[in-house]
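Quick notes on the structure that follows.
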Amino acid sequence: KSNGDYVIMLGDDDCLMQGYFSKLKKVIEEFDSPDLIYTSALLYAYPGVIPGHSDGFLRSYSHSKIFRSAEEPFFLEKSEAEILVSYSVDFRMHFDYNMQFSLVSRKLIQEMQLYGPFYQSPYPDYYSSNAMLLKAERVLVVPEPLVVIGISPKSFGFYYFNNLESKGNEFLKNIPDQDMSLRLQEIILPGTDMNTSWLFSMETLVQNFGKEMSIRVNYNRYRFLQICAVYTGLVLDRQATKSIMSSLKSKVTIREQILYGVPLFCITALSLVIPKRYHVSIVSRIIRTTGSHLQYIHPQIQGKYTTILDVFEKIVPTCDLVKKAGVT
């Protein structure tokens with residue numbers, strides 16, 4: 001439905017920061033109309049949405065490696081963009097896929113029509129963010145946090161952080177392609193729907209761009225993440241996880257059972273004699289070991305923000321925002 005020269009996708013619990021339009025108008029003119037502009041952002045959790053954060057929080061993405069600790073806009077090398085995508089199909093998230101980071105040129109949108117709809121797969125932002133990096137010739141990174149990504153009671157983030165993933169998928173109406181589901185039935189393992197949606201997104205990406213780029217989906221890595229997801233669910237004593245353990249055991253290979261199942265079983269058994277207050281720490285260490293997400297700190301910006309309007313009114317976006325606002 002959009003018709004502008006540049007397009008950004010926002011949810012109704014997100015917002016653009018003060019100066020967004022004037023700043024990016026200047027950047028577009030100064031850098032001769034880039035195909036894609038990837039800005040930094042803030043993450044705002046509304047009060048009462050995230051367990052353990054009754055007052056909500058405001059955090060920065062400025063420490064993400066894609067921004068290189070830079071203070072001025074810079075062009076991402078084409079080879080670097082392709083490396084980021086190669087990590088994605090290897091189930092290693094080395095940049096954030098949320099569409100709110102991206103201001104997309106009409107030119108790039110039209111070029112991507114050759115590959116079907118702009119948004120594809122159960123996780124359309126996972127697909128499109130990577131597809132844009134493959135297709136865009138000129139990607140400009142702007143390290144200022146110009147967008148706020150909100151997590152409200154009516155966003156998928158609420159369901160994810162409150163262990164209500166199945167309800168979240170009903171909310172999103174995530175429906176995988178039936179033909180692809182059939183083709184990957186020997187690959188798919190029980191675990192988290194998030195990993196399986198990631199699988200479908202990357203499979204779609206390779207299906208569309210694999211002939212042009214040397215990328216392929218690492219199915220073994222996906223299965224490893226799913227096996228870890230099931231065992232970490234057992235450590236956290238999630239009833240839903242217990243019910244799928246037998247299904248997992250029937251589908252893993254002997255090699256996977258030896259490499260992953262045995263050590264994870266030992267950790268799970270050990271957790272039975274370790275006080276529950278340490279279980280989250282055990283799970284965090286397992287997840288960190290998988291390398292699916294880079295382990296960098298999202299600095300928390302001090303202050304009280306009752307609604308996202310407070311963030312808009314109180315915060316002036318700059319590269320050293322975190323230093324000025326104070327970090328916890």
Side-chain angles (χ1 to χ4, degrees), residues 45 49-54 57 87-94 122-123 126 151 156-170 174 176 181 184-203 217-298:
V49 170
I50 306 296
H53 296 276
S54 58
F57 60 72
Y87 281 123
S88 296
V89 295
D90 197 42
F91 296 93
R92 302 176 191 272
M93 190 178 290
H94 278 218
Y123 273 11
Y126 279 47
I151 305 176
F156 178 73
F158 167 79
Y159 296 100
Y160 176 74
F161 286 107
N162 286 276
N163 298 320
L164 299 169
E165 190 180 42
S166 59
K167 290 187 177 180
N169 287 322
E170 290 175 14
N174 281 351
S181 297
L184 296 178
Q185 63 180 339
E186 297 300 320
I187 303 297
I188 297 172
L189 288 179
T192 72
D193 290 337
M194 175 168 281
N195 287 336
T196 299
S197 293
W198 191 352
L199 168 68
F200 281 113
S201 301
M202 296 301 98
E203 186 73 13
V217 181
N218 188 337
Y219 300 135
N220 291 331
R221 275 275 303 164
Y222 156 76
R223 290 172 64 90
F224 167 60
L225 295 182
Q226 288 294 73
I227 294 168
C228 287
V230 172
Y231 279 95
T232 53
L234 290 179
V235 173
L236 295 175
D237 197 28
R238 293 176 180 164
Q239 292 301 316
T241 304
K242 294 179 181 179
S243 66
I244 64 174
M245 176 53 81
S246 59
S247 175
L248 176 71
K249 288 182 177 179
S250 68
K251 294 183 177 181
V252 297
T253 64
I254 295 176
R255 176 180 177 275
E256 289 170 333
Q257 183 63 32
I258 294 172
L259 287 178
Y260 314 134
V262 171
L264 286 168
F265 172 80
C266 293
I267 294 172
T268 304
L270 186 62
S271 70
L272 296 175
V273 297
I274 295 176
K276 284 193 173 182
R277 64 179 179 273
Y278 297 115
H279 287 190
V280 172
S281 177
I282 293 171
V283 168
S284 296
R285 290 178 181 275
I286 294 173
I287 293 173
R288 193 177 302 124
T289 302
T290 68
S292 60
H293 295 72
L294 287 177
Q295 299 301 312
Y296 50 74
I297 298 172
H298 291 301

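As a basis for the values below, the full set of heavy atoms in this structure was taken, side chains included, without hydrogen atoms, waters or symmetry mates.
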Minimum heavy-atom distance between [X] and [Y], given as atom pair plus value:
X    : Y    : result
S181 : I188 : O-CD1, 4.3 Å
G191 : V230 : CA-CG2, 3.8 Å
L248 : Y231 : CD2-CE1, 4.2 Å
V252 : Q257 : CG2-OE1, 3.6 Å
F91  : N195 : CE2-O, 4.2 Å

Rounded to the nearest 0.5 Å, what separation is found between the [atom1] atom of [X] and the [atom2] atom of [Y]?
X    : Y    : atom1 : atom2 : answer
Y126 : M93  : OH    : CE    : 3.5 Å
S292 : M194 : OG    : CE    : 10.0 Å
N218 : F224 : CG    : CZ    : 11.0 Å
L189 : K251 : CG    : NZ    : 7.0 Å
T196 : Q226 : OG1   : CD    : 4.0 Å
L234 : H279 : CG    : NE2   : 11.5 Å

Residues two or more places apart in sequence or in another chain: which of them pass ring-ring contact (aromatic ring centres under 6.0 Å, His included) with F200?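 In terms of ring-ring contact (aromatic ring centres under 6.0 Å, His included), with neighbours along the sequence ignored, F200 is linked to no residue.
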
Side chains of [X] and [Y], heavy atoms from C-beta outward: is any pair under 4.5 Å?
X    : Y    : value
Y222 : I187 : yes
T253 : R223 : yes
S88  : M202 : yes

Between the side chains of E203 and Y219, does any donor sit under 3.5 Å from an acceptor?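 There is such a pair between these side chains.
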
Intermediate values then yes/no, ring pair (Phe, Tyr, Trp, His ring centres under 6.0 Å), Y123 and W198: CA-CA 7 Å; Y123 273 11; W198 191 352; 9.0 Å; no

Parallel, tilted or perpendicular: rings of Y87 and H94 (30°, 60°):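 Aromatic pair H94/Y87 classed parallel.
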
